[in-house]
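Throughout, residue positions are numbered sequentially from 1 according to the sequence presented.
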Amino acid sequence: MSQERGDERMRRWRLVLGGGDADGTGCGLQGTDARMDAALAAVYDRGGGGAGEAREGGLGASAPRVARWLGDIRTYFPSTVVQVMQRDAIERLNLTRLLLEPEMLEAVEPDVHLVGTLLALNKVMPDQARESARAVVRAVVAELERRLAQKTRAAVTGALDRSARTHRPKRVADIDWDRTIRANLKNYLPERNTVIPSRLVGYARRQRAVQREVVLCIDQSGSMAASVVYSSVFGAVLASMRSLKTSLVVFDTAVVDLTDQLHDPVELLFGTQLGGGTDINRAIAYCQGLISRPADSIFILISDLYEGGVRQEMLRRVAAMTQAGVQVIVLLALSDEGAPFYDHENAAALAAMGVPAFACTPDAFPGLMAAAIERRDIGQWAERHLGA
């Protein structure tokens, strides 16, 4: 190994280990490296520096110091790393109070987790910080819509078109000739160089009316913060499609119908209240009343399934919905966080009645909606696309 490569390796190990007598690198830092090290130490050190080094982590309660730190990490690290460091600082150093100050909100890197924190602080947020908080939420929502909206509309529209196909097209103009020919290739007559179409494939008349009812029922307990953010964005996208009638309900021990806020996901998010208990049974009871066409309805419960209400009644309600023809889907999380904590007993009980419960990433959600609209087996879809 060349001397230059060896020095670079020691430098990296020094930044990882944090310095002090025990790190074993014998490597000192200067300039930008020293400032990067100080930014990391503020969050991840717990004292124990070497001779001449003050290695005690923390940012104190000083807003100017936190503001400088936020500026430093945005200078030295990429956006994805900045978001992780912000989240760790909030959790490790209890900086939630400082997030109520407008200058702090203007300095942070917006992301889904920060939005969750701000929503949890919504009720105690001073008026002077509220508009800055809305700006942060607005920026995150706009980015999520840019990333997810078109994909969702394309998947849902395609699924609605496929579900509207018919084998009895009423007019020649309604025949899908490409699919009809493919479906009848076995009837090819070489001597006549033609295909005899014994089975037609066509399009049903495009419907202007609502084709599916979608009810999103979202657990707003504290652990579901990221899921609440993503669900609100998807709810707004689905509500913009005329072929769907979309409702969005959030719950803890109370149930709040936010359907009238779907045109503005930022306002919708500020209508939630993260934290509190959980009464899934009560929420499902309310949502049952929103469903007018069970056979054409999709009910999506997004919850970790820790029920504080009447468990057996909750399971009976889900069973009644599936028996009525409602497509019931349970998502343990709608986020990029991986496997969540959830109530395994309730998940197993739902699976036994044909309602699998699994976590879904935001990028996979459009495909899930398409599968639900086409009434495919959701359990098989999850195994194939999510490894559930």
Side-chain angles (χ1 to χ4, degrees), residues 112 140-166 176 178-179 182 201-218 226-249 259 262-265 268 287 291 293-302 325-338 355-388:
V112 169
V140 173
V141 167
E143 172 58 24
L144 293 180
E145 288 182 321
R146 184 197 64 76
R147 169 184 154 196
L148 301 169
Q150 183 55 40
K151 182 179 179 181
T152 303
R153 292 191 184 98
V156 170
T157 300
L160 288 169
D161 287 345
R162 287 189 295 273
S163 66
R165 286 200 181 103
T166 179
D176 183 339
D178 181 62
R179 290 185 176 273
R182 292 187 185 191
V201 180
Y203 303 103
R205 292 294 185 87
R206 186 175 293 276
Q207 301 178 41
R208 293 182 178 272
V210 170
Q211 297 182 49
R212 294 289 190 278
E213 294 182 358
V214 179
V215 179
L216 295 171
C217 184
I218 308 167
S227 298
V228 171
V229 176
Y230 281 115
S231 300
S232 299
V233 172
F234 279 119
V237 174
L238 296 174
S240 71
M241 305 183 68
R242 294 182 179 180
S243 298
L244 303 178
K245 177 186 175 184
T246 303
S247 302
L248 188 143
V249 174
T259 302
L262 279 170
H263 65 284
D264 186 343
L268 188 155
C287 291
I291 296 172
R293 298 159 49 191
D296 294 321
S297 295
I298 302 167
F299 173 69
I300 303 176
L301 173 65
I302 303 173
V326 177
Q327 180 87 316
V328 178
I329 300 170
V330 176
L331 301 183
L332 303 170
L334 180 56
S335 71
D336 293 305
E337 298 305 293
V355 180
F358 53 90
C360 181
T361 64
D363 286 328
F365 186 79
L368 172 62
M369 284 301 305
I373 287 170
E374 296 178 46
R375 301 195 72 86
R376 285 184 262 154
D377 186 302
I378 297 301
Q380 291 182 4
W381 180 91
E383 289 179 2
R384 187 177 304 113
H385 293 87
L386 302 171

Item to check | Worked verdict on Y230 versus I302 for side-chain contact (heavy atoms from CB on, under 4.5 Å) | outcome: CA-CA 11 Å; Y230 281 115; I302 303 173; over 6 Å; no

Checklist entry - Going by heavy atoms in the side chains, are V229 and L334 under 4.5 Å from each other? => result no

Next on the checklist: Side chains of M369 and L238, heavy atoms from C-beta outward: is any pair under 4.5 Å?
Outcome noted: yes

Checklist entry - Are side-chain heavy atoms of Q327 and I378 found at a separation under 4.5 Å? => result yes

Next on the checklist: For a 4.5 angstrom cut-off between non-hydrogen side-chain atoms, does L160 reach I373?
Outcome noted: yes

Next on the checklist: Side chains of F299 and I329, heavy atoms from C-beta outward: is any pair under 4.5 Å?
Outcome noted: no

Checklist outcome for this item: F234 meets the ring pair (Phe, Tyr, Trp, His ring centres under 6.0 Å) criterion, sequence neighbours left out, with F365

Checklist entry - In chain order, what residues pass the salt bridge (Lys or Arg N to Asp or Glu O under 4.0 Å) check against D336, with sequence neighbours excluded? => result R147

Next on the checklist: Tell me every residue that passes side-chain contact (heavy atoms from CB on, under 4.5 Å) with S247, counting only those two or more places apart in sequence or in another chain.
Outcome noted: V215, T259, L290

Item to check | Heavy-atom closest contact (I298 atom, A372 atom, distance) | outcome: CD1-CB, 3.9 Å

Checklist entry - For E145, what residues pass the side-chain contact (heavy atoms from CB on, under 4.5 Å) criterion, not counting sequence neighbours? => result V141, V233, P265

Checklist entry - Among all residues two or more places apart in sequence or in another chain, which pass the side-chain contact (heavy atoms from CB on, under 4.5 Å) test with A142? => result none

Item to check | Contacts of type side-chain contact (heavy atoms from CB on, under 4.5 Å), residue R153, not counting sequence neighbours | outcome: A149, V237, S240, M241

Item to check | Set of side-chain hydrogen bond (donor to acceptor under 3.5 Å, both in side chains) partners for E143, sequence neighbours left out | outcome: R146

Checklist entry - Within a strict 4.5 Å, meaning less than it, do heavy atoms of the S227 and L331 side chains meet? => result no

Checklist entry - Would you say C360 and L386 make side-chain contact, with heavy atoms under 4.5 Å? => result yes

